[in-house]
Structures are given as C-alpha cells and as structure tokens.
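Every chain is numbered from 1 and lettered A, B, ... according to where its sequence line falls, protein lines coming before strand lines.
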2 protein chains.
Amino acid sequence: MRYSHKLSDAVHILAYIAICHDGDLSSTAIAASVESNPALVRRLMGALRRAGLLATQQGSATPKLARQPAAISLFDIYQAVEGTGNLLHVDDKTNPHCIVGGNIQDTLRAAYAEVQTAAEAQMKTITLARLIGDILTRERAKRGPAAD
Amino acid sequence: MRYSHKLSDAVHILAYIAICHDGDLSSTAIAASVESNPALVRRLMGALRRAGLLATQQGSATPKLARQPAAISLFDIYQAVEGTGNLLHVDDKTNPHCIVGGNIQDTLRAAYAEVQTAAEAQMKTITLARLIGDILTRERAKRGPAAD
DNA sequence: CATTCATGTAACGATAAAAGTAACATCAAA
DNA sequence: TTTGATGTTACTTTTATCGTTACATGAATG
C-alpha cells in the first residue's frame with residue numbers, strides 16, 4: 001500500500017495551530033500548508049479531538065490545543081491517528097499443521113510487541129513542544145544563518 | 001498499501017530451515033508452511049543470502065544458515081529484507097513557503113530516526129535462537145500440556 | 001549425457017490500505 | 001437569512017505488496 005503519513009500530517013496540524021494561532025486556522029488554510037485537502041485535515045482533526053488533544057468547534061475555524069504542547073507526546077498523536085496500528089505485522093496466514101507455521105504467529109507477536117513497546121517509549125519522550133521548538137529553530141537558521 | 005509480511009516470512013523461512021533441517025527444504029515445501037508461493041520464498045531467500053545470513057546453492061534444495069541462530073538477530077533479518085525501509089514515514093510533500101511546512105520534514109526525520117533507533121536496538125536483542133526456542137516451547141505446550 | 005527438478009530472477013497482474021475527491025448535514029457569524 | 005465553516009460519509013484514485021507466470025541456469029541421477 002501507500003505509506004501512511006497520518007502521524008506526520010497530524011503533527012503538522014498541531015504545530016500549525018500552535019505556531020500560527022493568530023492566522024487563518026481553517027481546514028483549507030491548514031491543508032495548503034500540508035499540501036493536502038481540507039477533508040483529510042478535518043478527518044485528522046476529528047481523531048485528535050476524540051483523543052483529547054484538540055478542541056474544535058463545528059462551524060468555526062478556531063481550533064485550539066486541548067493541552068499544553070509540553071504535555072502532548074508524539075505517542076499521544078500516534079495513538080490518536082493510528083489507533084492500535086502496529087509498526088510490524090505478523091503474517092496471519094501460515095500452515096497450522098506445521099511446527100513452524102503453527103507456532104510462529106504467537107512467537108512473532110510476542111517479539112514484535114517488545115519492539116513496539118521500545119518504539120512507543122521513545123515516542124513518549126518526544127513532546128510537541130520540542131517539535132515546535134525545532135521547527136522554529138530551523139526557521140531562524142534559514143533566515144539568518146550568520147546573525148544568531 | 002497492504003502491510004508487509006516480509007520480515008515475518010523471512011523469520012519463518014530461517015526457523016523452518018533450522019528446525020526441519022532433515023526434511024524437505026525446497027522452496028515449494030517452505031512455501032507450503034508459509035502458505036505462500038515458491039517464488040516469494042526464493043525472493044526472500046535471495047535477500048537473506050545477499051545479507052550473509054543464509055547459504056544456498058542454485059539447483060539444489062539444501063539451504064543452510066550461514067551463522068549460528070544465536071548470532072542472527074531480528075534486526076539482521078529486518079535489514080536483509082526491508083533494506084533501509086523505515087517504520088515511520090515523513091510526508092515529503094508540504095508547502096515550503098510556510099514556516100511549518102518548510103521545516104517539519106527535517107524536524108520529523110530527526111524525531112523518527114530516534115524512534116527507529118530505539119526499535120532497532122530492541123530488535124538486536126532478539127535472536128533467531130530465541131525465536132526458534134519459543135516456537136519449540138509452544139509446540140511442546142500444545143502437544144503435552146499436562147506432561148511438562 | 002539427457003532427463004528431471006531445483007534455484008535465481010524478472011515481468012506482469014491482482015490486492016488492499018491510504019490519500020484524494022465530492023457531497024451534504026450541521027453549526028457559527030455577520 | 002446568507003455565507004462559510006466544520007463533521008462525516010461514500011466513492012475513486014493511487015501505489016506498495018503479494019501472487020503468478022515464465023524461463024535461464026545449475027545439480028543430480030539413470
């Protein structure tokens with residue numbers, strides 16, 4: 001399939017709302033920054049709202065973060081938009097009559113769960129505040145490389 | 001897209017070769033255990049061979065592990081079949097004229113690299129030997145739950 | 001040494017998850 | 001009340017993965 005950009009786009013949306021809080025925060029304006037379309041932005045914003053990360057109001061282009069950026073981790077966003085989606089995937093169609101085919105699914109599930117836990121632990125250490133700070137730092141470096 | 005099962009199938013192939021070393025190790029026999037097809041098995045075996053994990057011989061159904069199972073990690077297999085494929089994917093189509101769209105790609109690449117490193121570190125701790133042992137343990141538990 | 005069967009590899013079609021698109025109900029604001 | 005926003009669903013398009021077929025190359029056996 002196509003690779004999922006939902007996490008990347010969701011971070012983009014939250015960072016945009018935080019950074020451009022005095023500008024146009026309509027789904028159309030955000031979609032222009034993401035280079036996507038308003039429906040996708042609204043879909044992702046819906047997921048973020050249901051996860052308690054974003055406050056929106058139907059009919060009004062005034063989304064706000066529901067928590068401080070420092071209190072929102074990359075893992076929170078990942079869970080919000082990817083649900084229980086896993087990074088690694090077991091092949092659930094193997095021959096149950098074979099010693100290997102009949103047991104490898106559970107074996108891999110356990111192993112993949114360890115990898116997933118490690119990845120999620122790292123995601124929990126990365127806050128939206130850090131990502132926003134990084135974006136602003138990169139922007140400053142671009143605009144005045146010698147001035148800083 | 002469809003979720004990739006290459007890592008799962010590659011582990012399956014290596015475990016099958018190690019466990020059923022006295023049986024039929026043709027790509028057709030292995031494909032029956034994976035419930036896939038011989039061409040896919042041969043493709044994955046080719047990747048494992050190029051990565052130095054498997055020794056094969058054209059024309060002869062006699063594949064052998066190129067290293068001890070304890071010296072093959074899940075990460076080795078991951079690298080062999082997924083190449084430099086990443087677990088998380090940056091959206092590389094964002095508006096470069098926006099503060100957010102113009103900087104978030106590099107910001108996310110750095111963050112995702114940390115997550116990738118954490119996941120890979122965990123993969124390095126999981127050996128093929130452990131996976132094989134787990135498969136055999138589960139098989140024993142199935143056959144004689146009361147006897148053990 | 002020819003037959004048989006194996007691997008190695010490439011090309012092409014099928015499948016399925018994601019993103020794109022369009023439509024419309026609901027709500028806010030002037 | 002008119003305009004324009006969000007919220008949501010249904011459908012189409014896209015594309016990475018997997019399945020299938022084909023065939024060149026090599027091993028093994030009589």
Side-chain angles (χ1 to χ4, degrees), chain A residues 1-10 12-13 16-17 23-32 34-51 54-64 66 78 80-94, chain B residues 1-10 12-13 16-17 23-32 34-51 54-64 66 78 80-94:
Chain A
M1 64 183 161
R2 212 178 268 191
Y3 293 117
S4 174
H5 297 144
K6 281 191 282 190
L7 177 59
S8 296
D9 292 345
H12 191 141
I13 290 168
Y16 190 95
I17 291 169
D24 182 355
L25 297 184
S26 68
S27 61
T28 302
I30 298 176
V34 179
E35 286 195 353
S36 177
N37 58 80
L40 172 68
V41 170
R42 291 200 292 270
R43 271 197 296 251
L44 288 174
M45 286 176 73
L48 294 169
R49 173 172 42 75
R50 283 185 287 274
L54 191 67
T56 64
Q57 188 171 22
Q58 185 170 6
S60 174
T62 56
K64 292 185 199 327
Y78 172 79
V81 297
E82 297 285 359
T84 56
N86 294 320
L87 295 169
L88 296 172
H89 301 272
V90 173
D91 186 347
D92 58 358
K93 183 172 143 295
T94 60
Chain B
M1 63 183 160
R2 209 178 269 189
Y3 293 118
S4 174
H5 297 146
K6 281 191 284 189
L7 177 58
S8 296
D9 292 345
H12 191 142
I13 290 168
Y16 190 95
I17 290 169
D24 183 356
L25 297 183
S26 68
S27 62
T28 301
I30 298 175
V34 179
E35 285 195 355
S36 178
N37 59 80
L40 173 67
V41 171
R42 291 201 291 270
R43 270 198 295 252
L44 288 173
M45 286 176 73
L48 294 168
R49 174 172 40 75
R50 282 185 287 275
L54 190 67
T56 64
Q57 187 172 23
Q58 185 170 6
S60 174
T62 55
K64 292 184 199 327
Y78 173 79
V81 297
E82 298 285 359
T84 56
N86 294 321
L87 296 169
L88 296 172
H89 299 273
V90 174
D91 185 349
D92 58 358
K93 182 172 145 296
T94 61

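When side chains are defined from C-beta on, B:Ile30 counts as touching B:Ile17, because their heavy atoms get closer than 4.5 Å. At a threshold of 4.5 Å between non-hydrogen side-chain atoms, the residues B:Val81 and B:Leu48 count as touching.
Rounded to whole angstrom, the span from the CG atom of A:Leu7 across to the P atom of C:dA19 amounts to 11 Å. Between the C1' atom of D:dT6 and the CD1 atom of A:Ile30 lies a distance of 11 Å, rounded to the nearest Å. The interatomic distance linking A:Leu40 (CG) with C:dA22 (C1') rounds to 14 Å, in whole Å. Across the protein-nucleic acid pair, B:Arg43 atom CZ and D:dG19 atom P stand 8 Å apart, rounded to whole Å. Separating the CD1 atom of A:Ile13 from the C1' atom of C:dA19 is a distance of 13 Å, rounded to the nearest angstrom. Taking atom CG on B:Leu48 and atom C1' on C:dT9, their separation rounds to 16 Å, with Å as the unit. The CG-P distance, from A:Asn37 to C:dA19, rounds to 10 Å in whole Å. One can place CD of B:Gln57 at 19 Å from P of C:dC5, the figure rounded to the nearest angstrom.
Dashed line: the shortest gap from a side-chain N or O of B:Ser27 to OP1 or OP2 of C:dA6 is not under 4.0 Å. OP1 or OP2 of C:dA18 sits under 4.0 Å from a side-chain N or O of B:Tyr3.
Across D:dT21, D:dG7, C:dG20, the shortest atom-to-atom separation from the side chain of B:Ala39 is found for D:dT21. Listed nucleotides: D:dG7, C:dA28, D:dG19. Nearest to the side chain of A:Gln58: D:dG7.
Among all heavy-atom pairs drawn from A:His5 and B:His89, the shortest one is CD2-O, 3.7 Å.
Comparing B:Thr62 and A:His5 by the nucleotide of DNA chain C whose heavy atom lies nearest to each, the residue mapping closer to the 5' end is B:Thr62. With the nearest nucleotide of DNA chain D identified for both A:Gly46 and B:Lys6, A:Gly46 has the one nearer the 5' end. For A:Ser60 and A:Arg42, each mapped to the nucleotide of DNA chain C holding its nearest heavy atom, the one lying further toward the 5' end belongs to A:Arg42. Between B:Gly59 and B:Glu82, the residue anchored nearer the 5' end of DNA chain D, judged by the nucleotide with its closest heavy atom, is B:Glu82.
Atoms NE2 and CD, from A:His12 and A:Glu35 in turn, are 9.0 Å apart once rounded to the nearest 0.5 Å.
A:Ser8 pairs in a side chain to side chain contact (heavy atoms under 4.5 Å, CB included) with only one of the listed residues (B:Thr94, B:Asp91, B:Leu88), which is B:Asp91.
Among the protein residues, B:Thr56 comes within range of the sugar-phosphate backbone only, with heavy atoms under 4.0 Å from sugar or phosphate atoms but none that close to a base.
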